[in-house]
Amino acid sequence: MRKGARAAVIGGVFAVMVGGAGYGAYNVVTSISGGGGSGGTGPAPVKTGPPSGAEVKETSRAFFAAWEKGDAAKAAAYTNYATNAEGLLAGYHDDAHLTDVRITPGAQSGATVPFSVKATVSYDGKSKPFAYDSELTVVRGETTGKALVDWKPSVVHPDLKDGDTLVTGESASPAIEAVDRNNVVLTKEKYPSLGPILDALREKYGDTAGGTPGIELSIRHGGEDSGDTTLVTLAKGRAGKVRTTLSASAQAAAEKAVTRYAESSVVAVKPSTGEVLAVANHRADGFNAAFLGKLAPGSTMKIISAATLIDNGITTAGGPATCPPTATWQSQTFHNLVGMKPQLDATLSDSFARSCNTAFVKYADDVKVDSLTNEAQQRFGLGQNNWKTGIESFDGSVPASGGPDTAANMIGQGQVQMSPLNMASVTATAMTGVFRQPVIVPRALDDRELATAKGLSSGTVAQLRSMMNRTAVSGTAAQVMAGLGGSVGAKTGSAEVDGQAKSNSWFTGYRNDMAAAAMTQEGGHGGEAAGPIVAAVLRTGG
């Protein structure tokens, strides 16, 4: 907890519990605390339908006026979630130390009212102005019929989410100066998608990096290891230095590449060490999907599936892996990409380079329910919840799920979940035969214990590298990887997701001592979105 500040929690847990109850459940609180009501011997008729323009204006202005005066209870009474609203609005003054609040409504658009806020943050004899824009929406209370502000934490500040706190005081941890592997300073201004990662590094290592805390107005996020987001610095502390494994050149390329495609993430690692060279996200929600994403990886999973077939003596790169037009497993029929011609005399290398789904599904009869799981855990270090990268990360999941999922998992669908970090690590392990748990700060920084796995035999590595190289040179990844010299390999993937018009685009590849993986939600085939992102990062060579 911050020194000198009492945090007002935005009631995220309660919101989850009652979120499906409808506005009527909230109006019980509102009608008790909000006053109003009319005289007479019977209840006034309850209004229905969307609020009128006049009601929207009246409610929003009354809400703004109470907020400006610091009357949290009165302002909260104009919302449909008075208890949570009052807690945050009270904290706006008491914990965030924001005064002289002036709110200016913008042009009303239906039930939505944009507005600008100007205030002063003051603490320990220091003051600074604070200004930002937000918006609110007015809805009809189903029980009371009143026009009410639809309560969300983002009404108070656009970056606030359930469970967050808004506080001013001595920073929870001293500021850090994060540097890359060559001592280049990394800032969120120059590398925007590093913002949440730098915040997490500060939260975890700020106290031990040698700095001193400053005085700040910040959002303290409710999630574990998510760090603070500084909004205003009243007095700077002394920053402690935190060395990362990142490469400024690779990071710059990753940042630029992901901006070309919405909802994209990429990670690059150094296979010989496991060091993370770049991590970038371009997402509307600011989520670090590169490290924390949990999505089906599509055909990039065939790297692990091919290794499973080889290591269990089922087939080899030059052995049979027929590619029929369809394959059925336990009543579920699997298809290949539209336009793929069947190849009944195909080898595993042929089917891997073409990304033939049915070739892998046909081998579901020959693997045990847990074969893929054991391969992922024991040789690729996945799915055991023991990675310690330096910040919060997901370790991948390859459950031993039976039924149709035994076959679906082989092609990266079913119950398999991965992040770009996981798939970059898979590619690094396939390249070297050694699983080296990815890290974004050196292990020496805190002497943490890293995950281990037994890795792959030299024979399996040779076959995987041969198949990945063929994919990059003449297979489904050839167009994307064209022009990249040195030792190269790749695997494309697309993952179908229920309710999405387009599949998620996945791509992973390596060039010399760099492996990278990317994912673009609703990006289509692997080579259409994720592929160009990976190629752009690999082009830097680390």
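Everything numeric here is computed off the predicted structure, so don't read it as measured data. This chain uses plain numbering: 1 for the first residue, then up along the sequence.
A heavy-atom distance below 4.5 Å is not found between the side chains of Lys368 and Asn374. Between Ile391 and Phe291 the shortest side-chain heavy-atom distance falls below 4.5 Å.
Asn357 places no side-chain N or O within donor-acceptor distance of the main-chain N or O of Ile411, the cut-off being under 3.5 Å. With hydrogens and angles disregarded, no donor-acceptor distance shorter than 3.5 Å links the side chain of Ser419 to the backbone of Ala289. At distances below 3.5 Å, not a single donor-acceptor pair connects side-chain atoms of Thr508 with backbone N or O atoms of Thr427.
Asn409 and Gln413 are not linked by any side-chain donor-acceptor pair at a separation below 3.5 angstrom, with hydrogens and angles left out of the test. Side-chain contact, Asn385 with Asp395: no donor N or O sits under 3.5 Å from an acceptor N or O.
Scanning for ring-ring contact (aromatic ring centres under 6.0 Å, His included) contacts around Phe380 gives an empty result, with sequence neighbours left out.
A salt bridge links Arg181 and Glu275; the closest N-O separation between the charged side-chain nitrogens and carboxylate oxygens is under 4.0 Å. Residues Asp180 and Arg243 are not paired through a salt bridge, judged by the lack of any N-O separation under 4.0 Å between the basic side chain and the carboxylate. We find that Glu263 and Arg283 are joined by a salt bridge, their nearest charged nitrogen and carboxylate oxygen being less than 4.0 Å apart. In summary, Asp350 and Arg470 engage in a salt bridge, as defined by a charged side-chain N under 4.0 Å from a carboxylate O.
Aromatic rings from His282 and Tyr261 are positioned such that their centres are separated by 6.0 Å or more.
Among pairs with a residue in residues 465-493, none fulfils ring pair (Phe, Tyr, Trp, His ring centres under 6.0 Å), at least two apart in sequence or across chains.
Between Val279 and the options Val266, Thr244, Leu194, a side-chain contact (heavy atoms from CB on, under 4.5 Å) holds for only Leu194.
Ring planes of His157 and Tyr132: tilted class, angle from 30 to 60°.
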Practice prompt. With side-chain contact (heavy atoms from CB on, under 4.5 Å) as the test, would you mind laying out the steps for Ser393 and Leu421 before giving the verdict?
Written response: CA-CA 8 Å; Ser393 62; Leu421 174 68; 3.9 Å; yes
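A cation-pi arrangement is found for Lys491 relative to Phe352, the charged atom lying closer than 6.0 Å to the ring centre and inside a 45° cone about the ring normal.
Distance check, rounded to the nearest 0.5 Å: OG1 of Thr492 to NE2 of His525 gives 9.5 Å.
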